[in-house]
Amino acid sequence: MPQIHKIFTVDQIKVLFSSYDNGHISRTEIENTLGIGKTRFFALLKQYRENPDTFSIEYHRQSKPRLSNETEEKIRDELQRDKKLVEDKLLPITEYNYAAVTDRLKKVGIQVSTTTVIKRAIQYDCYLRKKKKKDRHDREVITSATGDLIQHDASFHKWSPFATEKWTLITSLDDYSRMIMYANFVESETSWAHIQAAQYLMQTFGIPHRYYVDNLRVFRFIQHRDSVWKNMVLGTDDVITQWRQVMSIMKTDVIYALSPQAKGKIERPYRWLQDRIVRTCALDNISSLADARSVLLEEVHRYNYLQVHSTTREIPVLRYEKALKEKRSLFRPFTLPPPYVSPKDIFCIRHNRIADGYRKITIAGLSFQIPGIEPRSDLDLHFIPDISKNYVEVRVWSSGKLVHTINLPSGSINKSINF
């Protein structure tokens with residue numbers, strides 16, 4: 001804003017406004033003379049007309065008092081704590097997050113701007129210059145409706161310096177709204193964990209049009225080139241993975257990313273969640289998976305309901321709800337495709353067996369009689385683990401019908417069935 005008080009006197013400005021009111025000079029001429037814009041012109045004119053006698057153009061700085069010593073010390077302590085996290089090579093964060101520092105200060109009643117925190121960070125040697133970003137093209141929204149494309153991925157890290165092991169974060173994100181529709185920590189990345197993620201999303205939001213994943217073995221069977229030591233028997237995609245079978249049953253297409261850069265949209269929310277979760281877990285001394293899940297839920301809520309997305313310029317959940325109201329959604333209502341009678345028969349681990357001449361099958365060394373089938377029948381076994389109850393339900397299908405159900409302790413079956 002031009003400091004016109006250093007160029008013109010109050011009386012000179014009064015003469016210009018008086019001439020304007022009398023129709024002797026135009027607004028454009030006054031703006032050009034004073035070097036101000038339309039908004040500034042009308043603000044000064046309003047002030048002049050309200051009371052010409054007390055009209056003034058002197059600049060009065062409206063600054064807040066300096067921060068107290070206690071506040072300065074608290075900012076410094078938080079930045080130093082952040083510095084230890086950034087310098088810890090075992091943690092998956094490499095940059096400072098001053099917005100997170102600001103949020104932590106708010107929790108203890110200290111209201112400061114992120115700009116103030118950055119200034120103190122430079123002063124206390126807690127600052128790293130940001131690297132130039134690459135692959136900006138993948139920031140754009142490539143879909144026109146929610147449910148058109150679900151970005152799905154997993155991240156394996158040590159999420160807290162106090163944890164004794166690493167955990168896997170599985171996340172699903174809607175491309176159009178940028179809303180995180182599924183997020184959960186699991187002890188290990190398995191087909192069953194990804195199938196459960198798909199079940200939650202489909203039963204909560206609907207069946208999406210497409211999934212976008214990488215070439216992880218859970219999602220895709222890939223056969224590498226032949227060598228002098230082996231001959232290729234099965235080619236890429238000749239084997240349909242357990243997760244891929246679920247997608248096929250639900251008529252959901254799958255697209256495979258050809259490079260890590262191609263999955264930029266899901267990688268950025270991962271970095272955002274990763275940064276916030278690791279910092280919170282470290283500062284709150286969190287070591288258990290249950291407590292880490294609580295932190296995850298809080299951060300996902302913040303991302304979906306409170307954060308304005310940098311690309312869409314909208315809060316993800318509001319953009320999602322707006323798309324639903326405008327009927328721009330490719331989510332299909334969740335229904336059971338025939339002949340299935342339960343979601344358990346869709347979201348499960350599948351294996352084939354052939355009954356022997358006595359209508360028996362063997363699972364994990366245990367023999368079971370299957371009633372209602374012919375000897376040597378082809379059987380489809382659907383395994384549904386229940387971790388909380390420590391057992392596995394086995395649903396036996398024959399000729400398109402559910403013929404028998406078996407409950408087994410999970411300990412007796414885990415070694416023979418890969419979940």
Side-chain angles (χ1 to χ4, degrees), residues 1-72 74-76 79 96-103 105-106 109-124 126-133 136-137 139-141 144 177-178 302 305-319 321-323 325-326 328:
M1 185 179 294
Q3 295 181 323
I4 58 179
H5 66 281
K6 295 183 178 180
I7 305 174
F8 301 93
T9 65
V10 175
D11 292 334
Q12 289 174 328
I13 304 297
K14 287 182 178 180
V15 170
L16 290 175
F17 283 137
S18 176
S19 299
Y20 173 80
D21 286 338
N22 293 327
H24 300 315
I25 189 173
S26 67
R27 172 176 60 82
T28 303
E29 290 178 297
I30 296 179
E31 290 175 355
N32 292 335
T33 299
L34 300 180
I36 60 176
K38 179 180 178 181
T39 301
R40 176 65 168 155
F41 168 83
F42 282 110
L44 290 173
L45 179 62
K46 180 181 178 181
Q47 184 181 348
Y48 166 77
R49 286 175 173 173
E50 288 177 351
N51 197 332
D53 295 331
T54 60
F55 174 74
S56 174
I57 58 173
E58 291 295 328
Y59 178 73
H60 299 286
R61 181 178 297 274
Q62 297 180 350
S63 60
K64 296 182 179 179
R66 293 180 179 273
L67 300 177
S68 66
N69 292 335
E70 182 181 355
T71 298
E72 291 282 3
K74 188 62 178 177
I75 294 175
R76 183 172 185 173
L79 287 171
Y96 290 96
N97 189 328
Y98 304 115
V101 173
T102 303
D103 290 340
L105 291 170
K106 287 181 181 179
I110 297 177
Q111 296 284 343
V112 293
S113 66
T114 303
T115 303
T116 299
V117 173
I118 293 175
K119 290 180 179 179
R120 299 305 188 273
I122 297 173
Q123 179 181 343
Y124 301 141
C126 299
Y127 182 82
L128 293 173
R129 291 187 178 276
K130 291 187 177 181
K131 298 179 181 179
K132 292 184 179 180
K133 296 182 179 180
R136 292 181 178 272
H137 62 280
R139 294 181 64 89
E140 62 182 347
V141 178
S144 58
S177 66
R178 293 300 203 270
R302 184 202 303 271
Y305 290 85
L306 304 177
Q307 297 286 132
V308 176
H309 197 278
S310 60
T311 299
T312 64
R313 301 298 178 186
E314 296 180 74
I315 295 175
V317 70
L318 297 183
R319 184 174 172 87
E321 292 175 349
K322 180 180 178 182
K325 291 180 181 179
E326 295 176 352
R328 285 187 289 109

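No experiment lies behind these values; they were computed from the predicted model shown.
Using a cutoff of 4.0 Å between basic side-chain nitrogens and carboxylate oxygens, R178 and E314 are not scored as salt-bridged.
Annotation: K119, atom NZ; neighbour count of heavy atoms from other residues, nucleotides and ligands within 6.0 Å does not exceed 12. More than 12 heavy atoms of other residues, nucleotides or ligands sit less than 6.0 Å from atom OH of Y124. Surrounding CD of E326 are more than 12 heavy atoms belonging to other residues, nucleotides or ligands, all under 6.0 Å away.
Note that NZ of K325 is 9.0 Å distant from CG of L318, once rounded to the nearest 0.5 Å. Rounding to the nearest 0.5 Å gives a distance of 12.0 Å between CZ of R49 and CZ of F55. Atom CD of E321 sits about 10.0 Å away from atom OG of S177, to the nearest 0.5 Å. Rounded to the nearest 0.5 angstrom, S68 OG and K74 NZ are separated by 12.5 Å. To the nearest 0.5 Å, the span separating CG on N69 from CZ on R76 amounts to 12.0 Å. Separating the CG atom in L45 from the CG atom in L16 is a distance of 11.5 Å, to the nearest 0.5 Å.
The closest side-chain heavy-atom distance from Y98 to L79 is below 4.5 Å. The shortest side-chain heavy-atom distance between R120 and V112 does not fall under the 4.5 Å cut-off. The closest side-chain heavy-atom distance from L44 to I13 is not below 4.5 Å. Contact annotation: the side chain of N32 never approaches that of E29 to less than 4.5 Å [non-hydrogen atoms, C-beta and beyond]. For the pair I110/E70, no side-chain contact is recorded, criterion being any heavy-atom separation below 4.5 Å from C-beta on. For the pair I75/V101, no side-chain contact is recorded, criterion being any heavy-atom separation below 4.5 Å from C-beta on.
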### Query
How far apart are the C-alpha atoms of L105 and V117, what are their side-chain angles, what is the distance that settles it, and do they pass the side-chain contact (heavy atoms from CB on, under 4.5 Å) test?
CA-CA 10 Å; L105 291 170; V117 173; 4.2 Å; yes

### Task
Start with the C-alpha gap between R40 and L34, add the side-chain angles, then the distance that decides, and say whether side-chain contact (heavy atoms from CB on, under 4.5 Å) holds.
CA-CA 10 Å; R40 176 65 168 155; L34 300 180; over 6 Å; no

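For Y48 and Y20, the distance between ring centers is not under 6.0 angstrom.
Formation of a donor-acceptor pair under 3.5 Å by the Q47 side chain with backbone atoms of S56 is found in this model. Using modelled atom types, one side-chain atom of K14 and one backbone atom of P52 make a donor-acceptor pair closer than 3.5 Å.
Counting all heavy atoms, side chain and backbone alike, S113 lies closest to T116 at OG-OG1, 2.9 Å. Residue P316 comes nearest to Q307 through the heavy atom pair CD-O, 3.3 Å, listed as atom of the first residue, atom of the second, then distance.
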